[in-house]
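For reference, the structure discussed in these notes is given below.
FYI, the numbering just counts along the sequence from 1. Please read these numbers as outputs of a predicted model, since none were measured by experiment. In each ligand, atom 1 is the first atom listed, and ligand 1 is the first ligand listed.
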Amino acid sequence: MQAKPSKDTNKQTKKKFFFSNASASARGSPGRCWGVCAARAGLAPCPLPPARLPPRPLPGDAAGGAGPARRRSSLAAQVAAAGCARRDNAGAPCLALGHLQVPLKPGRSLMDWIRLTKSGKDLTGLKGRLIEVTEDELAKHNKKEDCWICIRGFVYNVTPYMEYHPGGEDELMKAAGTDGTDLFDQVHRWVNYESMLKECLVGRMAVKSVAAPKEFSSTLSEEKKQLNGMLPERKVLGASAKDLTPSYDWFQTDSLITIVIYTKQKNMNAELVIVDCQEKRLRGEIIVDEHSYLVEVDLDHAVQEDMAVNISEKVGKVEITLKKKDKINWKTLGRPLESHNTFVKHSDRGLFYRKCKLVSKVEVTHDTKLFCLMLPKSTRLHVPTGQHVYLKQIIAGTEVVKPYTPVLPFLPLDFKEPSHRDGEHIYLMIKIYSCGLFTQALDHLQIGDYISVSSPEGNFKKSQVQTSEDLFLLAAGTGFTPMVKLMNFALTEVSCVRTVKLIFFNKTEDDILWRNQLEQLALKDERFEVQFILSQPTKDWMGKQGKISPSLLSEFVKRNRKDSKVLICICGPTPFTEQGVEYLKDLGYSQEEIHAFTA
Ligand code: FAD
Ligand code: NAP
C-alpha cells in the first residue's frame, strides 16, 4: 500500500448477442478516443411511418413510459454503446463492446445509426407498411443482405443495422430468420431495441410466437375488473408455486388506505420491497428469491405524497399505508393494471423507472464524480449490495440506458453497526468519458434536474459473502463501485470474515478512487487491506506496477489457511474481468469461490 497523501477531494462542482452494451468493456483512456461526439446534437426525431396494420399496440406503445417494459427500457444503450468511434492501433475505428471488440467501419457509430434512423429513409423496404409475418416468411430472410429477426412477436428488418452492430454482424446473424427473443434476453434484456429499431419494424408475427410479448399474453379481461376487496385470480408460475405465491388485501379508515401484502416469506426486508406511488398509480413489488410479485393499481381516488411502508420481517407481511386526499369512502381500491397480482420470474418483469432529482455532484478524481440522486417522496427502494440500477436519458431524441452501481456516500470507518441507510438517496460514482455519450449528458445535468432510475438488478447474493472468511476484491477503475457496499457489508455484518483485501488496478495515481478513505480504513481496521497496482505509473511511483496477471494474483490472492472459505469478487473492463477469472481458475480457485460482476 502506498502511504502518500491521497488526492480525494470533496469539492462541490458542477454478452454479446446483438445489442451489446458497448461500454461494458470500455478500455483505454478517453484521451485515446476520437470521433463523432460533436455530431451528437441536433438530430430531429423522425415521425413513424404510417402503420397499415389494425391498431394493435406496438412495442413501447404502452402507457406510462415506465411500465412493465424492459423492452421499452432503452435501445439506447447502443446509442451509448456506439457513442464514440475511435481508432484502434491498426487505425481502424472500433467501439467498446459487451465482450467483443469488433472494428466498425467509419461512420458506423451509434450516433451515425441514430442519424440514419431519423433521416426518413425507408429502412424496411416496405415504404412504411406494417405486415403480418408468417414463420415461413421470416425464415426466408436469413442472409446478411436480407435479415429479419423476431423479438417478442415483432419482426424487424435488421439488414441496415448490420454494420452498426457493436457486437458484429455474426452475432446478429445468429438470430437471422428466427425468433431471437431468448438470445436477446440472455444478453441485454434492458436494452431498448424498440426505440433503436423502430424504423426497422416490419410487422408482427402472424401466429403467436413462443416468446410472445408478455403484455398481450394475459390479463386483458382482468383490466376491466374493479378491485373491490375481493382478490382477483392470481397469475402464478405453476401449480407447484401456488402455495408460495404472495397475496394481498386492502382496507380503509376515514383518512387512510392500507394495502397488506402477505409475502409468505420469512426474513422479508427493505431490500426486497419496492413501492412507488406516482399520482394515482400504486406499484408495490416484492422480490421473492428469483421471482417478483406485483400489486399495481390505478387507485380509485387521489392520495397524498406521503406514505408509509411497514415490513414485519418474521411473518413476511408488508403494509403500505396511503393518506387519502379527501376523506371519502372508497368503493374499490382501484383499477388493476396489466401486471397486477402477478407472480413471475424477476427477469421477466419489466424494468420500472422513477424520476429522481440530482441533488449534488462532487468530484472524486479528475474524471470521476459522485452523483447524489434523491428518490421521490413516494418511493421506497433500497439497492441491495452487489446490484446495479439503470439510468435512462433521452439523448438526441433516443432513449439511452446505462447501468451504474450505487455506492455509499463515503466509506464508513467504523464497522460496529450496519451503516445508516437513509433510503432517500442513491449515490453513484461515475467516470465521465470525454467522448462518452451517456456520461457527457449526465455531466451536463444541473443540480435540480431529474433523471430516470430503474429498480435494482443483478445476480450477486449476499449469502455468497456470509460464509466467507477471506474476501478478495479485484477492482479495475470504476469496477471499484460494487466493492464499496460489499466491503461495508462484509466488515459490518459478516461475523466470520477475517480478512477483506482490495486489489485495486488503475492506470495512474490520479485515477485511484477514494484512495485516502481506503488508506484510512486500512489503518483503522486490521481486517482490511488495500493494494494499489498501476499500469501506467509515473517514475515516482514506489508501489506495485503491472496489469492483472497470474503472478500478481498468486502474490496477492492467498488463502489465510489451507481450508479457508474464500470469496473472490472481480469487476472492471470486461477483458480484465474475463482474464482475471481465467487466471484464478488456473490458480485452483473454484467457480463457487469467484464472483464476476458483469452487466
Ligand atoms: P460510451 O459512449 O459507451 O464510451 C465510453 C468511453 O470509453 C468513450 O468515450 C471512450 O473514450 C472509451 N471507450 C469506449 N470503448 C473503448 C475501448 N474499447 N477502448 C478504449 N476506450 C474506450 N461506470 C461508472 O462510471 N460507474 C459505475 O458505477 C458503473 N457501473 C456499471 C455497472 C454495470 C453492471 C456495467 C455493465 C457498467 C457499469 N459502468 C459504470 C459503466 C457504464 O455503464 C457506462 O458504460 C459508462 O458510463 C460509459 O458510458 P458512456 O455512454 O459515457 O460511454
Ligand atoms: P480504466 O481506467 O480504463 O482501467 C483500469 C485499470 O484496468 C487500468 O490499470 C487498465 O490498464 C486496466 N485494464 C483495462 N483494460 C484491461 C484489460 N483488457 N486487461 C487488463 N487490464 C486492463 O477503467 P475504467 O475506464 O474505469 O473502466 C471500468 C470498467 O468497469 C468499465 O468497463 C465499466 O463498464 C466496468 N464496470 C462494471 C461494473 C459491473 O458491475 N459490471 C461496475 C462498474 C464498472 P491499462 O493501462 O492497460 O488500460
Ligand 2 atoms in contact with [X] (distance to a heavy atom under 4.0 Å):
| X | result |
| --- | --- |
| Pro575 | 18 (N) |
| Thr481 | 42 (C), 43 (C) |
| Gln579 | 19 (N), 20 (C) |
| Thr405 | 40 (O), 42 (C) |
| Lys547 | 45 (P), 47 (O) |
| Thr598 | 41 (N) |

Report the part of [X] (side chain from C-beta onward, or backbone N, CA, C, O) that has a heavy atom under 4.0 Å from ligand 1; answer both or neither where that applies.
| X | result |
| --- | --- |
| Leu437 | both |
| Thr598 | backbone |
| Thr439 | both |

State, with a plain yes or no, whether a side-chain heavy atom of [X] is found less than 4.5 Å away from one of [Y].
| X | Y | result |
| --- | --- | --- |
| Phe480 | Thr405 | no |
| Ile149 | Leu172 | yes |
| Val497 | Thr499 | no |

Atoms in ligand 1 with a heavy atom of [X] nearer than 4.0 Å:
| X | value |
| --- | --- |
| Met429 | 24 (C), 25 (O), 26 (N), 27 (C), 28 (O) |
| Cys435 | 2 (O), 9 (O) |
| His388 | 34 (C) |

With a 4.0 Å heavy-atom cut-off (strictly under), which part of [X] contacts ligand 2: side chain, backbone, both or neither?
| X | value |
| --- | --- |
| Gln536 | side chain |
| His388 | neither |
| Ala476 | both |
| Tyr404 | neither |

Basic-acidic side-chain contact under 4.0 Å: [X], [Y]:
| X | Y | value |
| --- | --- | --- |
| Glu199 | Lys118 | no |
| Asp470 | Lys558 | no |
| Glu493 | Lys462 | no |
| Lys369 | Glu363 | no |
| Glu593 | Lys565 | no |

(message) Working to the nearest 0.5 angstrom, can you tell me the gap between Ile151 CD1 and Leu197 CG?
(response)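 Here the interatomic distance stands at 6.5 Å.
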
(message) I need the Thr368 OG1 to Tyr433 OH distance, nearest 0.5 Å.
(response)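 Separation between the atoms: 8.0 Å.
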
(message) Going by side-chain contact (heavy atoms from CB on, under 4.5 Å), name the residues that satisfy it together with His366, two or more places apart in sequence or in a different chain.
(response)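 Listed in chain order: Asp510, Asp511.
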
(message) I'd like to know whether ligand 1 has Ile430 as a neighbour, heavy-atom separation below 4.0 Å.
(response)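 Yes, Ile430 has heavy atoms under 4.0 Å from ligand 1.
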
(message) If you measure every N or O of Lys431 against every N or O of ligand 1, does any of those distances drop under 3.5 Å?
(response)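 Min N/O separation from ligand 1 is below 3.5 Å for Lys431.
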
(message) Geometry only, no angles: is Gln440 polar-contacting ligand 1 at N/O separations under 3.5 Å?
(response)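 Gln440 vs ligand 1: no N/O contact under 3.5 Å.
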
(request) Mark yes or no for whether Gln536, through its side chain, and Thr508, through its backbone, hold a donor-acceptor pair below 3.5 Å. (result)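 No, because the side chain of Gln536 does not come within donor-acceptor range (under 3.5 Å) of the backbone of Thr508.
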
Option with minimal heavy-atom separation from [atom], where the choices are [options]:
| atom | options | value |
| --- | --- | --- |
| atom 6 (C) of ligand 2 | Phe504, Phe480, Phe505 | Phe505 |
| atom 8 (C) of ligand 1 | Tyr433, Phe371, Tyr427 | Tyr433 |
| atom 47 (O) of ligand 1 | Phe438, Tyr390, Tyr404 | Tyr404 |

(message) Taking ring pair (Phe, Tyr, Trp, His ring centres under 6.0 Å) as the definition, give me every residue that meets it alongside Tyr589, ordered by chain and number, with sequence neighbours left out.
(response)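 By the ring pair (Phe, Tyr, Trp, His ring centres under 6.0 Å) rule, Tyr589 matches no residue at all.
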
(message) For the 3.5 Å polar cut-off, considering only N or O atoms, please tell me whether Gly477 and ligand 2 meet it.
(response)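 Gly477 vs ligand 2: no N/O contact under 3.5 Å.
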
(request) May I ask you to check if ligand 2 and Asn506 share an N or O to N or O distance below 3.5 Å? (result)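 So ligand 2 has an N or O lying under 3.5 Å from an N or O of Asn506.
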
(message) Does the Lys NZ or Arg CZ of Lys392 fall within the cation-pi geometry relative to Tyr353 - under 6.0 Å from the ring centre and within 45° of the axis?
(response)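 Satisfied, under 6.0 Å and within 45°.
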
